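Here the structure comes first, spelled out in structure tokens, and everything after it is commentary.
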Amino acid sequence: MELGDLLVILTAGFFATYVHLVLALWAGKVGLARLDFSKGMAHLCFGESYDGHPPVMLGFVVVHLNGMFFALLYAYLVGYHLPGPPLIRGLIWGGCLFAGSQLVFNPFVTGHGFFARRMHPRAWLTALLVHTTYGAVLGWLCPVL
């Protein structure tokens with residue numbers, strides 16, 4: 001593992017996560033469910049530590065750390081085993097992250113149910129859009145080692 005590769009992977013993960021967050025916030029403008037991952041993660045991770053609402057910036061940081069972790073996982077362990085060119089591999093990775101979020105994270109960690117059924121009827125569609133976009137940006141920018 002070289003420092004240059006690590007910095008490229010972390011930067012790609014940061015940028016892909018930023019695109020992921022922005023699209024989730026803009027989704028309400030095109031008729032999808034607006035998802036605020038930063039706010040949700042701030043409440044999930046730090047909700048009991050603050051009187052009232054925890055700072056959304058803390059959730060923003062946690063979501064980005066999460067995105068950079070999944071970029072490292074993609075670059076060092078998973079990406080090599082996925083078929084196709086980099087963009088397709090990234091889309092597949094984003095689809096895997098979507099499936100994990102909807103089948104494990106939402107029902108068992110946040111309590112929103114499978115495919116976020118307790119949130120909004122189209123929340124799953126927004127989640128699919130933003131996770132595959134995250135994967136596409138990551139596949140485009142991130143080297144697979």
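Source: prediction; values computed, not measured.
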Looking at NE2 of H64 and OG of S38, how far apart are the two atoms once the value is rounded to the nearest 0.5 Å?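 These two atoms lie 7.5 Å from each other.
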Which value, rounded to the nearest 0.5 Å, describes the distance between C142 atom SG and M68 atom CE?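 Reported to 0.5 Å precision, the distance equals 12.5 Å.
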Applying a strict under-4.5 Å side-chain criterion to I, L, V, M, F, W and Y, I'd like to know whether F60 and L58 cluster together.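 Per the 4.5 Å side-chain linkage, F60 and L58 are co-clustered.
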Do L91 and V78 sit in the same hydrophobic cluster, where Ile, Leu, Val, Met, Phe, Trp and Tyr count as joined when their side-chain heavy atoms come under 4.5 Å apart?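 Hydrophobic grouping puts L91 with V78.
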Quick one, [X] and [Y] - any side-chain contact, counting heavy atoms below 4.5 Å?
X   : Y    : result
I92 : P83  : yes
F98 : L103 : no
L97 : F70  : yes
M41 : F46  : no

Taking all heavy atoms of [X] and all of [Y], pick out the closest pair and write down the distance.
X    : Y    : result
P107 : S101 : CD-O, 4.3 Å
V56  : K39  : CG1-N, 3.9 Å
C45  : V62  : SG-CG1, 4.0 Å

Run the numbers on Y76 and V144 for side chain to side chain contact (heavy atoms under 4.5 Å, CB included), then give the verdict. CA-CA 6 Å; Y76 285 107; V144 173; over 6 Å; no
Could you list the donor-acceptor pairs under 3.5 angstrom formed between side-chain atoms of residues 125-141 and any protein atom two or more places apart in sequence or on another chain?
unit_1, atom_1, unit_2, atom_2, d
T126, OG1, A33, N, 3.2
T126, OG1, A33, O, 2.8
H131, ND1, A127, O, 2.7
T132, OG1, L128, O, 2.8
T132, OG1, L129, O, 3.2
T133, OG1, L129, O, 2.7
Y134, OH, G67, O, 2.7
Y134, OH, A71, N, 3.4

When you look at Y80 and R89, which way does the side chain to side chain contact (heavy atoms under 4.5 Å, CB included) test go after all the steps? CA-CA 9 Å; Y80 178 74; R89 284 189 287 207; 5.9 Å; no
Review item, side-chain donor-acceptor pairs of residues 8-31, under 3.5 Å, at least two apart:
unit_1, atom_1, unit_2, atom_2, d
T11, OG1, L7, O, 2.7
T17, OG1, G13, O, 2.6

